[in-house]
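Here's the structure, in structure tokens; my notes come after.
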Protein chains: 2
Amino acid sequence: MGVSVTVDQIVGVVRSHGKRVTQPKRAVAQVLIDSEGHLTAEEISLRVVTHLDDVSPSTVYRILEEFEELGLCEHTHTGHGAAVYHLVGGGHAHVTCNVCGGTWQVPTEYFSNLATRLRGTLGFELNPHHVALAGLCHNCATRSL
Amino acid sequence: MGVSVTVDQIVGVVRSHGKRVTQPKRAVAQVLIDSEGHLTAEEISLRVVTHLDDVSPSTVYRILEEFEELGLCEHTHTGHGAAVYHLVGGGHAHVTCNVCGGTWQVPTEYFSNLATRLRGTLGFELNPHHVALAGLCHNCATRSL
DNA sequence: CTGCCTGCAAAGCGTTTGCAGTTCA
DNA sequence: TGAACTGCAAACGCTTTGCAGGCAG
């Protein structure tokens with residue numbers, strides 16, 4: 001599943017910026033590609049094991065930080081627990097359920113009305129990607145009735 | 001400034017739910033009323049000193065948690081640093097600047113279009129209050145040009 | 001006087017950082 | 001070879017928790 005990007009494309013960007021291409025970086029790139037997004041740094045660490053022996057959490061954080069600086073990746077704060085990381089280019093933001101903790105993708109265009117109003121009144125340029133909106137997902141909403 | 005609520009009203013709710021009314025609770029309530037909202041737990045601790053000798057951070061957290069359970073108060077994750085607390089009833093959500101860290105209030109109605117679309121497609125019930133949206137404030141946006 | 005509430009200190013979680021050793025170019 | 005990268009462990013900021021003592025009811 002996931003995004004139409006290859007590991008070679010990602011490491012190509014890394015190389016073109018004078019950064020080194022290493023095994024851990026390839027493995028993290030592969031995990032991000034294979035995922036649906038919404039992975040925490042710890043989940044990435046765990047999944048990397050299938051591609052490589054092991055990668056320490058601090059290395060995962062440093063690689064994700066580098067990917068973000070290169071515009072390859074973004075992280076989102078969900079409001080409960082660790083931030084989730086995903087490749088850019090999905091054109092989607094996130095919503096998180098306050099009860100079950102699940103996260104869903106939302107098309108960025110859903111935010112256009114809000115973005116326009118924020119720009120008009122506050123001069124504020126919204127970035128819908130950095131923080132996940134909170135609420136109640138369908139399952140938890142119906143269950144709580 | 002602040003909300004049209006009194007300390008007596010707040011402690012009234014506390015008492016009516018069988019909880020005890022204490023000096024620290026009164027002081028935290030007063031700080032929340034006097035504030036514009038957007039206070040972190042630490043800021044609340046510091047401001048409480050003007051009303052009372054001192055209140056430990058853990059007590060502030062426990063009081064805020066109780067106020068939230070009673071529907072008096074809410075906290076918002078801004079995506080950088082500590083959560084901010086504010087009394088409910090403002091009818092506003094928050095946006096935070098990724099650069100300067102400032103927080104601004106936004107009328108809840110700005111979210112109505114987004115909320116409708118989320119409800120229609122995902123069955124998701126948005127709560128705009130729990131997480132602050134991120135972006136670039138007017139000052140930082142113009143400065144970065 | 002009883003038990004909820006507080007303060008302190010320690011632990012917890014997610015994340016960052018310093019440093020010695022390893023690996024890519 | 002040399003600089004960039006990694007792993008480990010310790011530190012960090014924010015928040016929660018355990019426990020002994022204090023205060024509201």
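The basis for the numbers below is simple: all heavy atoms, side chains too, and nothing from hydrogens, waters or symmetry mates.
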Can you tell me how far C1' of D/dG7 sits from CG of A/Asp53, to the nearest Å?
13 Å
Using a cutoff of under 3.5 Å, can you pull out all pairs of nitrogen or oxygen atoms linking the protein to nucleotides 8-13 of chain D, with atom names and distances?
from  : atom 1 : to      : atom 2 : distance (Å)
D/dC8 : N4     : A/Ser58 : OG     : 3.3

Report the C-alpha distance between B/His86 and B/His38 in whole Å, list the side-chain angles of each, state the deciding distance to 0.1 Å, and finish with yes or no for ring-ring contact (aromatic ring centres under 6.0 Å, His included).
CA-CA 6 Å; B/His86 53 93; B/His38 315 138; 7.3 Å; no
Say whether, by atom type as modelled, one donor and one acceptor occur between the side chain of A/Thr76 and the main chain of A/His129 under 3.5 angstrom.
yes
Please report, rounded to the nearest Å, how far the P atom of C/dC24 is from the CZ atom of A/Arg26.
10 Å
Report yes or no: do B/Thr78 and B/His94 form a side-chain donor-acceptor pair below 3.5 Å?
no
Grab the NE2-C1' distance between A/His77 and C/dC13 for me, whole Å please.
15 Å
Does NE2 in B/His51 sit with more than 12 non-hydrogen atoms of other residues, nucleotides or ligands closer than 6.0 Å?
yes
Would you classify B/Pro57 as touching base, sugar-phosphate or nothing, given that sugar-phosphate means primed atoms plus P, OP1 and OP2, and contacts are heavy atoms under 4.0 Å?
nothing
Tell me: CD1 of B/Ile63 to P of C/dC5, nearest whole Å?
10 Å
Nearest to the side chain of B/Thr22 - D/dA24, D/dT15, D/dT6?
D/dA24
Quick one: does any side-chain atom of B/Lys25 pair with a main-chain N or O of B/Val11 as donor and acceptor, under 3.5 Å?
no
What integer distance in Å separates A/His80:NE2 from D/dT15:P?
16 Å
Angle separating the five-pair end axes of the helix from C/dC1-D/dG25 to C/dA25-D/dT1, nearest 10°, is 20°
What is the separation between atom CG on B/Leu64 and atom C1' on C/dC5, rounded to the nearest whole Å?
15 Å
CZ-CG distance between B/Phe124 and A/Asn139, expressed to the nearest 0.5 angstrom:
11.5 Å
Could you check if a side-chain atom of A/Leu64 sits within less than 4.5 angstrom of a side-chain atom of A/Leu32, using non-hydrogen atoms only?
yes
Between B/Lys19 and C/dC5, is there a side-chain N or O to OP1/OP2 distance below 4.0 Å?
no
Looking at A/Tyr61, A/Tyr85, A/Phe67, which hits side-chain contact (heavy atoms from CB on, under 4.5 Å) with A/His75?
A/Tyr85
Output the rounded distance in Å from CG (B/Leu52) to P (C/dC5).
17 Å
Output the single nucleotide from C/dG14, D/dT6, D/dC14 whose closest atom is nearest the side chain of A/Tyr61.
C/dG14
Using atom CD of B/Glu66 as one end and atom C1' of D/dT17 as the other, report the distance to the nearest whole Å.
17 Å
Donor-acceptor pair (no angle test) under 3.5 Å: B/Arg20 side chain, C/dC4 base
yes
Are more than 12 heavy atoms, taken from residues, nucleotides or ligands other than A/Glu42, located less than 6.0 Å from that residue's CD atom?
no
Closest-nucleotide 5' rank along DNA chain D - winner of B/Val21 and B/Tyr85
B/Tyr85
